[in-house]
Amino acid sequence: MLHTLEITTTKRDELRDITREVISFVKKSGVRSGVIVVYCPHTTAGIAINENADPDVKHDVLMRLDEVYPWEHPKYRHAEGNTASHLKSITTGPSQSIIIHDGELLLGRWQGIYFCEFDGPRRRQCFLKILEG
């Protein structure tokens, strides 16, 4: 069972909470036990799980990633000029796997699933795949 999320981002760097969309897909699937894989097929974006209760966490994460991977650096060689976005994508990773138990995602109380945009604004896709079992 595969589902495509269409995501439009509005900023160069953005953590977009997609938890509700993922939960909705799991509910509609009727799957009671298994794993859902949330996968990003883009080299300048990623998927992360982190706190979604305090919006300052998103700010702090993006701020620190900018400090570690500045947009401009004299030694960058990538012709497109978006080396920082590739490095941020490598850091977050392209996917997350979440256990489904009794039809619910086993996320922690404060956890949310984020589509991490690092080279926006853009129109993006994110794939959801449920593995029953």
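The structure displayed is predicted, hence computed values, not measured ones.
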Query raised in the report: Step by step, would you call Lys88 with Asp13 a side chain to side chain contact (heavy atoms under 4.5 Å, CB included)?
Result: CA-CA 10 Å; Lys88 292 173 186 179; Asp13 293 300; 3.2 Å; yes
Query - Within one Ile-Leu-Val-Met-Phe-Trp-Tyr cluster: Phe118 and Tyr76, side-chain cutoff 4.5 Å - result: yes
Query - Ile113 side chain reached by Leu107 side chain, heavy atoms, under 4.5 Å - result: yes
Query raised in the report: Which pair of heavy atoms, one from Gly46 and one from Thr92, lies closest together, and at what distance?
Result: CA-OG1, 3.5 Å
**Report entry** Within-4.5 Å side-chain heavy-atom neighbours: Leu105 and Ile100
**Finding:** yes
Query raised in the report: Heavy-atom distance under 4.5 Å between the side chains of Phe127 and Leu5, does that happen here?
Result: no
Query raised in the report: Is there a chain of hydrophobic side chains (I, L, V, M, F, W, Y, each step under 4.5 Å between heavy atoms) that links Ile130 to Val38?
Result: yes
Report summary line: To the nearest 0.5 Å, atom OG of Ser24 lies from atom NE2 of His3 at 7.5 Å
Query raised in the report: At what distance, to the nearest 0.5 angstrom, does NE2 of His42 lie from CZ of Arg122?
Result: 9.0 Å
Query raised in the report: Taking all atoms of both residues into account, what is the closest heavy-atom pair of Glu14 and Lys11, and its distance?
Result: OE1-N, 3.2 Å
Query raised in the report: Do other residues, nucleotides or ligands put more than 12 heavy atoms under 6.0 Å from the CD1 atom of Ile99?
Result: no
Query raised in the report: Asn50 versus Leu15: any side-chain heavy-atom pair under 4.5 Å?
Result: no
Report task. Please name the pair of heavy atoms, one in Ser85 and one in Asn82, separated by the smallest distance, quoted to 0.1 Å. Result -> OG-O, 2.5 Å
**Report entry** Distance in Å, Tyr39 OH paired with Gln125 CD, rounded so as to fall on 0.5 Å steps
**Finding:** 11.5 Å
Report task. Compare every heavy atom of Gly112 with every heavy atom of Thr19, then report the nearest pair and how far apart it is. Result -> OG1-CA, 3.2 Å
**Report entry** 4.5 Å side-chain heavy-atom contact, Tyr114 and Ile18
**Finding:** no
**Report entry** 4.5 Å side-chain heavy-atom contact, Thr9 and Phe115
**Finding:** yes
Query - Nearest-0.5 Å distance, CZ of residue Arg12 to CG of residue Asp119 - result: 8.5 Å
Query - Val68 with Leu62, same ILVMFWY side-chain cluster at under 4.5 Å - result: yes
Query raised in the report: Is atom NE2 of His101 surrounded by more than 12 heavy atoms (other residues, nucleotides or ligands) closer than 6.0 Å?
Result: no
Query raised in the report: Hey, what do you get for CD (Glu117) to SG (Cys40), rounding to the nearest 0.5 Å?
Result: 8.5 Å
Requested in this report: Using distance alone, with no hydrogens and no angle criterion, decide if Thr91 and Tyr69 have a side-chain donor and acceptor under 3.5 Å apart.
Outcome: yes
Query raised in the report: Tell me, do Thr83 and Arg77 make a side-chain contact under 4.5 Å, heavy atoms counted?
Result: no
Report summary line: Taken to the nearest 0.5 Å, the spacing of Arg16 CZ from Cys116 SG works out to 12.0 Å
Requested in this report: Indicate, with yes or no, if Met1 and Ile98 share a hydrophobic cluster defined by side-chain heavy-atom contacts under 4.5 Å among Ile, Leu, Val, Met, Phe, Trp and Tyr.
Outcome: yes
Report summary line: Smallest heavy-atom separation, Thr44 atom then Arg124 atom, equals OG1-NH2, 2.8 Å
Requested in this report: Would you indicate whether Glu72, at its atom CD, is surrounded by more than 12 heavy atoms from other residues, nucleotides or ligands within a distance under 6.0 Å?
Outcome: no
Report task. Report yes if the side chains of Ile36 and Val22 come closer than 4.5 Å at any heavy-atom pair, otherwise no. Result -> yes
Report task. Give the intermediate values and the outcome of side chain to side chain contact (heavy atoms under 4.5 Å, CB included) for residues Asp102 and Arg32. Result -> CA-CA 5 Å; Asp102 288 337; Arg32 304 288 301 154; 3.8 Å; yes
**Report entry** Taking every non-hydrogen atom, the tightest pair across Pro70 and His73
**Finding:** CG-CD2, 4.4 Å
